[in-house]
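What follows is one structure encoded as C-alpha cells, with my remarks underneath.
Here is how names work: the chains are called A, B, and so on, in the same order as the sequence lines, proteins then strands, and each is numbered from 1. It should be emphasised that the depicted structure is a prediction, and the values quoted were computed from it without experimental measurement.
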There are 2 protein chains.
Amino acid sequence: MAERKARADALRNRETVLAAADELFARSESPRSVSMDEIAAAAGVGKGTLFRRFGDRTGLIRAVFEARIEPLRHAVEAGPAPLGPSAPPRERVPALLDAVLCFKLDNRHLSLALEEAGSGSPYQAAHYAWWHGILRDLLERMRDAADGTADGPADGTAAGPAPESDFTAHALLAATRADLVEHLAAQEGMDRERIRAQLAAFVGTVLGQG
Amino acid sequence: MAERKARADALRNRETVLAAADELFARSESPRSVSMDEIAAAAGVGKGTLFRRFGDRTGLIRAVFEARIEPLRHAVEAGPAPLGPSAPPRERVPALLDAVLCFKLDNRHLSLALEEAGSGSPYQAAHYAWWHGILRDLLERMRDAADGTADGPADGTAAGPAPESDFTAHALLAATRADLVEHLAAQEGMDRERIRAQLAAFVGTVLGQG
DNA sequence: CGACTATACGGACCGACGGTCCGCTTCGTA
DNA sequence: TACGAAGCGGACCGTCGGTCCGTATAGTCG
C-alpha cells in the first residue's frame with residue numbers, strides 16, 4: 001500500500017516544475033497560451049517528465065492550484081473564525097465567499113486555467129465539490145435554524161439533500177467564477193475593493209431573509 | 001456600401017453548414033469533440049468553405065447560436081409580456097432568466113460550445129452584453145422605483161452606471177451558465193422543472209427586497 | 001567501494017486539430 | 001456563348017497534448 005519512497009531528484013524536479021508553471025501562468029495573457037513544452041523548457045526538464053509526474057495538462061494545473069490554495073483550505077478546515085468551522089453560518093458564508101473571491105483575484109490566470117481545464121467544466125474538479133459541500137451545509141443549517149420546525153414537506157428530519165440550499169450554493173459560487181472576476185477586473189476596470197463590496201452586498205441580499 | 005449580392009449556391013451552403021453543425025453539436029458528448037473537419041464532412045462541403053464563410057470556429061458556433069436564439073431575441077425585443085418590453089420589471093426579470101435557462105436546457109451542447117468558444121470567456125460574446133444590459137437596466141429601474149429619491153450618494157440622477165445593478169445582473173446570469181445547467185442536469189440528475197423552480201426561487205430571493 | 005536494479009529523465013516522435021492556400025469549378029451576366 | 005468574379009475543396013502547414021524508449025542516475029546490497 002505505502003508508495004515506495006520517492007527518489008530525491010524526482011521530488012526536486014516536481015517542485016521546480018510547479019514553480020515554473022505557476023510563474024508562467026501568472027505571466028501569461030491567457031492560460032491557453034501556456035504550452036506544456038514551454039513549462040518543461042522553463043523548468044529545465046524534458047516534456048516526458050511533466051507527463052510522468054502529473055499525468056496530463058489538467059493534472060499539472062490541478063497540482064499547481066492545490067499548492068497555492070493549501071493555506072486557505074487549511075484555514076477553512078481548521079482555522080479560527082470567521083473562516084474556520086467555529087464561526088456561525090450567518091457570518092461564515094460571506095467570509096468564505098469573500099475568501100474565494102480574493103483568492104481568484106490574487107491568482108487570476110491560475111484560477112482561469114483550472115476552470116477551463118479538464119473536460120471543460122469546473123464542476124468536475126474535486127475542489128469545487130468541496131467548496132459547494134461546505135456552503136450547502138451552512139445554508140442548510142441556516143435554513144433549519146430559521147424555520148423552527150415548520151414549513152417543509154411531511155418528513156421532519158432531512159431525508160432528501162434539501163434542494164434549495166444545493167442550488168443556492170451553486171449560484172453563490174457562480175458569482176465568483178474566475179472568468180467573471182477576470183471580466184470585472186479587466187474589461188470593466190473595477191478595482192479589488194469594489195468587486196469585494198459588490199459581492200458582499202449580493203451575498204447579503206441572498207442571505208438576508210433566507 | 002451594399003454588399004454585392006451573394007451567390008445562390010453560397011447561401012444554400014451556408015444553411016447546409018449551419019444545419020449540419022447544429023445537428024452535430026446536439027448529438028455530441030462534448031462540444032470539443034466536434035471538429036471542423038467533421039462539420040465540413042457532415043455538410044458535404046470542403047473545409048475551406050467553412051472558414052471562408054465563418055472566419056473561424058468561434059464564428060461558426062456564433063452563427064449557429066444566433067440562428068437558434070433569434071426567436072427568443074425577437075420575443076424579448078418586441079414581443080408581449082412577460083418577456084417583451086411592456087412587462088413591468090418585477091415580472092420581466094424572472095421571465096427573462098427563466099427563458100435563458102430554458103434555452104440552455106433545450107440547447108445544452110450548443111450553449112456549452114458557445115460559452116467555451118472565443119478566447120475562453122463567455123463575457124466577450126456580444127449576446128452576453130445584450131442580456132446583461134437589459135437585465136441591468138431593469139434592475140436599475142426597480143431600484144429607482146423602490147427608494148423614492150432617497151438613499152444613494154449626492155447626485156440625484158444617474159451619472160454613474162449604478163454599480164450594484166451591474167453586478168447583480170452578472171450574478172443572476174451566472175446562475176444560468178451553461179456548464180452549471182449541464183452539471184445540474186447531467187451530474188446531479190435534476191429534471192427540467194426542478195431546475196426552473198430552483199432558479200425561480202433564487203431569483204425571487206434576490207429581487208425580494210431589492 | 002563497486003556492481004546492480006528500480007526509477008526517472010529527455011526529447012524524438014505521433015496523431016489530431018484549427019487554419020491557410022491556390023488551382024479548379026460554377027454562377028450570373030452581357 | 002463567352003467571360004470574369006465569386007465560390008469551392010482538400011492538400012498542406014504549424015502547433016499542441018500526449019507517448020515511447022534508449023539512456024542516465026539514485027539508492028542499495030554484498
Side-chain angles (χ1 to χ4, degrees), chain A residues 1-21 24-25 28-64 109 112-114 116-120 124, chain B residues 1-21 24-25 28-64 109 112-114 116-120 124:
Chain A
M1 292 312 158
E3 321 226 336
R4 291 274 178 82
K5 64 186 165 188
R7 260 167 57 168
D9 56 341
L11 257 293
R12 222 182 320 123
N13 266 335
R14 183 189 161 84
E15 295 313 309
T16 310
V17 168
L18 287 179
L24 279 179
F25 280 120
S28 75
E29 260 327 282
S30 144
R32 284 193 187 176
S33 70
V34 180
S35 71
M36 295 298 274
D37 296 79
E38 254 179 308
I39 297 173
V45 304
K47 205 164 48 147
T49 304
L50 253 62
F51 286 93
R52 158 176 291 269
R53 309 296 310 165
F54 302 102
D56 58 10
R57 183 184 166 88
T58 301
L60 170 57
I61 293 174
R62 205 169 316 203
V64 177
H109 299 299
L112 228 31
L114 184 73
E116 78 185 29
S119 313
Q124 279 153 280
Chain B
M1 290 311 159
E3 321 225 335
R4 290 274 177 83
K5 63 186 164 188
R7 260 168 56 168
D9 55 341
L11 258 291
R12 222 182 320 124
N13 266 335
R14 183 189 161 85
E15 294 312 310
T16 310
V17 168
L18 287 178
L24 280 179
F25 280 120
S28 75
E29 261 326 283
S30 142
R32 284 191 188 178
S33 70
V34 179
S35 71
M36 294 299 272
D37 297 78
E38 255 179 308
I39 296 173
V45 304
K47 210 170 31 154
T49 304
L50 253 63
F51 287 93
R52 160 178 289 269
R53 308 298 307 168
F54 302 102
D56 58 10
R57 183 184 166 88
T58 301
L60 171 56
I61 293 174
R62 206 168 314 200
V64 177
H109 300 297
L112 229 30
L114 183 73
E116 76 185 30
S119 313
Q124 280 155 278

* Asked: Between D:dC8 and B:N13, is there an OP1 or OP2 to side-chain N/O distance shorter than 4.0 Å?
  -> yes

* **Min side-chain heavy-atom separation A:R14-A:F54 under 4.5 Å** => yes

* Asked: What is the distance, rounded to the nearest whole Å, between atom CZ of B:F54 and atom P of D:dC8?
  -> 10 Å

* Asked: How long is the span from the CD1 atom in B:I61 to the CG atom in B:D56, to the nearest 0.5 Å?
  -> 9.0 Å

* Asked: Side chains of A:V17 and A:V45: closer than 4.5 Å at any heavy-atom pair?
  -> yes

* **Gap separating the CG atom of A:L112 from the CD atom of A:E116, nearest 0.5 angstrom** => 6.0 Å

* Classify the side chain of B:R7 versus the base of D:dA6 as yes if they form a donor-acceptor pair under 3.5 Å and no if they do not. => yes

* What are the two closest heavy atoms between B:S30 and B:S33, and how far apart are they? -> O-OG, 2.6 Å

* Nearest-angstrom distance from the residue atom CZ of B:R12 to P of D:dA6 -> 18 Å

* Asked: Start at the 5' end of DNA chain C and walk down; is the nucleotide closest to A:G46 or to B:E38 reached first?
  -> A:G46

* Structure fact -> Taken to the nearest whole Å, CZ/B:R32 to P/C:dG18 is 11 Å

* Structure fact -> Closest to the 5' end of DNA chain C, once B:A8 and B:R57 are matched to their nearest nucleotides, is B:R57

* Report yes if at least one side-chain N or O of A:T49 is closer than 4.0 Å to OP1 or OP2 of C:dA8; otherwise report no. => no

* Structure fact -> Looking only at heavy atoms, the pair that brings B:T16 and B:A43 closest together is CG2-O, 3.5 Å

* Between D:dC16, C:dT20, D:dG9, which one does the side chain of B:V45 approach most closely? -> D:dG9

* Whole angstrom value for the distance that separates P of D:dG9 from CZ of B:R53 -> 12 Å

* Measure the spacing between CD of B:E38 and OG of B:S28 and express it to the nearest 0.5 Å. => 8.5 Å

* Nearest-Å distance, CG (A:D56) to P (D:dG18)? -> 5 Å

* **Global bending angle along the helix from C:dC1-D:dG30 to C:dA30-D:dT1, which compares the axes of five pairs at either end, to 10 degrees** => 10°

* B:L60 side, atom CG; B:L50 side, atom CG - distance, nearest 0.5 Å -> 5.5 Å

* In whole angstrom, what separates B:R14's CZ from D:dG7's P? -> 12 Å

* To do: Rounded to the nearest angstrom, tell me the gap between atom CD in B:E15 and atom C1' in D:dG7.
  => 16 Å

* Asked: When rounded to the nearest 0.5 angstrom, what is the spacing between CE in A:M36 and CZ in A:R57?
  -> 7.0 Å

Below 3.5 Å between N/O atoms, which protein atoms pair up with nucleotides 11-15 of chain D? Just atom names and distances, please.
none

* Structure fact -> Of C:dA8, D:dG7, D:dG9, the nucleotide closest to the side chain of A:D9 is C:dA8

* Asked: Rounded to the nearest 0.5 Å, what separation is found between the NZ atom of A:K47 and the CG atom of A:D37?
  -> 4.0 Å

* Asked: What is the distance from CZ of B:F51 to C1' of D:dG10, rounded to the nearest Å?
  -> 13 Å

